[in-house]
Structures are given as C-alpha cells and as structure tokens.
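Report on the structure given below.
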Amino acid sequence: MNKEKIRTYDELKDDEKEVLDSFRKMKLMYDHARFRLHKLQVEDLINDYEQLKKLREEIQAKYFSIYEELLVEDLIEGELEASVWGITREHENEVWNSELRLMDDIKTNFEIAIEMIESGEAEQAIIDDENQL
C-alpha cells in the first residue's frame with residue numbers, strides 16, 4: 001500500500017501547480033457559462049410570469065366588459081360575480097408571486113456565484129480548500 005502523504009497546493013512543484021491551475025480554471029469557466037445560462041433561463045421564466053399576470057388582468061377586464069355589455073342589452077341573465085373572480089385572481093397572484101420570489105432568489109444566487117468567479121473569489125476559495133487537506 002502506498003503511504004505517500006497528500007500534498008497541499010503550496011507543496012506542489014511549479015509544473016504540478018500549473019496543471020492543477022489549468023484544471024481549476026477550466027472548471028470555473030464551465031461553471032461560469034453554466035450559471036450564466038441558468039440565470040438567463042430563470043430571467044426568461046420571470047418575464048413569462050410577469051406577462052402571465054398582465055394577460056390575466058387584461059382577460060379579466062375584457063370578461064367584465066363583455067359580460068356587463070351583454071347584461072345591459074338583456075342578452076344574458078344573471079349577476080356579475082366579481083367577488084368570485086377577485087378571490088380566484090388573488091389566489092393566483094399569491095401562488096405566482098411565491099413562485100416568482102423563489103425564481104428571484106435562485107437568480108440572485110446565480111448572480112452571486114458569477115460575481116465570485118469573475119472577481120477571483122471562487123478560485124481563491126478553491127485554493128484555500130486545497131491547502132487545508
């Protein structure tokens with residue numbers, strides 16, 4: 001069995017450090033690109049939610065407008081159930097806003113990770129971890 005001591009980064013030879021540095025940089029470049037992609041996907045989803053909320057509001061306004069017109073012209077009977085629509089829309093907004101907050105938190109985490117990679121903080125944290133072996 002090999003009883004060779006595991007060396008920390010600082011104990012490596014220059015050529016070994018160079019290889020390790022190259023692998024670390026490739027990993028960070030990969031993570032950077034992946035995080036940017038996921039951030040864009042989350043931003044796109046957030047925009048979709050905003051459009052959905054706006055469309056739902058427009059549909060409701062159109063519904064009430066048409067329904068009221070049909071009632072006035074005695075083409076339909078009944079009462080306008082605005083309170084039911086209000087409760088439904090309030091519930092929808094609560095659910096959508098909850099989902100939006102989650103997506104916004106995820107987006108913020110990607111932004112933090114991207115900034116850490118771009119500033120060199122992530123690489124330094126990896127090096128520090130390597131030296132603690």
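Note that this is a predicted model, so its numbers are computed, not measured.
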| message | Applying side-chain hydrogen bond (donor to acceptor under 3.5 Å, both in side chains) as the test, list every pair that has at least one member in residues 103-119; sequence neighbours left out. | response | His32-Glu118
| said: Strictly distance-based, threshold 3.5 Å: is any side-chain N or O of Asp10 a donor or acceptor partner for the main-chain N or O of Asn131? | reply: no
| message | For Lys27, give me all partners under side-chain hydrogen bond (donor to acceptor under 3.5 Å, both in side chains), at least two apart in sequence or on another chain. | response | Asp31
| said: Minimum heavy-atom separation for Val42 and Ile106, please, with both atom names. | reply: CG2-CG2, 4.1 Å
| message | Run the side chain to side chain donor-acceptor pair (under 3.5 Å) test on Gln132 and Asp128 for me, step by step, so that the C-alpha distance in whole Å, both residues' side-chain angles and the decisive distance to 0.1 Å come before the verdict. | response | CA-CA 7 Å; Gln132 301 221 355; Asp128 292 345; over 6 Å; no
| message | We want to know whether Asn47 and Gln51 form a side-chain donor-acceptor pair, criterion being a heavy-atom distance below 3.5 angstrom. | response | no
| Among the clusters formed by ILVMFWY side chains lying less than 4.5 Å apart, do Ile114 and Leu37 turn up in the same one? | no
| note | Across all chains, not counting sequence neighbours, the side-chain contact (heavy atoms from CB on, under 4.5 Å) partners of Glu73 are Glu69, Leu75
| message | Donor-acceptor check, side chain of Thr88 to backbone of Val84, threshold 3.5 angstrom: yes or no? | response | yes
| task | Using side-chain contact (heavy atoms from CB on, under 4.5 Å) as the criterion, list what pairs up with Asp44, not counting sequence neighbours. | result | Asp48
| task | Following the transitive rule for hydrophobic clusters with a side-chain heavy-atom cut-off under 4.5 Å over Ile, Leu, Val, Met, Phe, Trp and Tyr, establish whether Phe23 and Tyr30 coincide in one cluster. | result | no
| task | Specify the closest pair of heavy atoms between Lys13 and Arg7, including all atoms of both residues, with the distance to one decimal. | result | N-NH1, 4.5 Å
| query | Among the clusters formed by ILVMFWY side chains lying less than 4.5 Å apart, do Leu40 and Tyr49 turn up in the same one? | reply | no
| field | Gly78 to Leu71 - nearest heavy-atom pair and separation | value | O-CD2, 3.4 Å
| request: Following the transitive rule for hydrophobic clusters with a side-chain heavy-atom cut-off under 4.5 Å over Ile, Leu, Val, Met, Phe, Trp and Tyr, establish whether Ile126 and Ile117 coincide in one cluster. | output: yes
| note | In short, Tyr67 meets Glu77 closest at the heavy-atom pair OH-O, 4.2 Å
| Between His91 and Glu94: side-chain donor-acceptor atoms closer than 3.5 Å | no
| message | I need the Phe110 CZ to Arg34 CZ distance, nearest 0.5 Å. | response | 8.0 Å
| task | Determine which pairs satisfy side-chain hydrogen bond (donor to acceptor under 3.5 Å, both in side chains) with at least one residue from residues 53-64, sequence neighbours left out, and list them in order. | result | Lys53-Asn97, Arg56-Glu92, Glu57-Arg89, Gln60-Arg89
| With Leu20, which residues qualify under side-chain contact (heavy atoms from CB on, under 4.5 Å), at least two apart? | Tyr9, Leu12, Arg24, Glu130
| said: Please tell me whether Leu102 and Leu52 are part of a single hydrophobic cluster in this structure, the criterion being side-chain heavy atoms less than 4.5 Å apart. | reply: yes
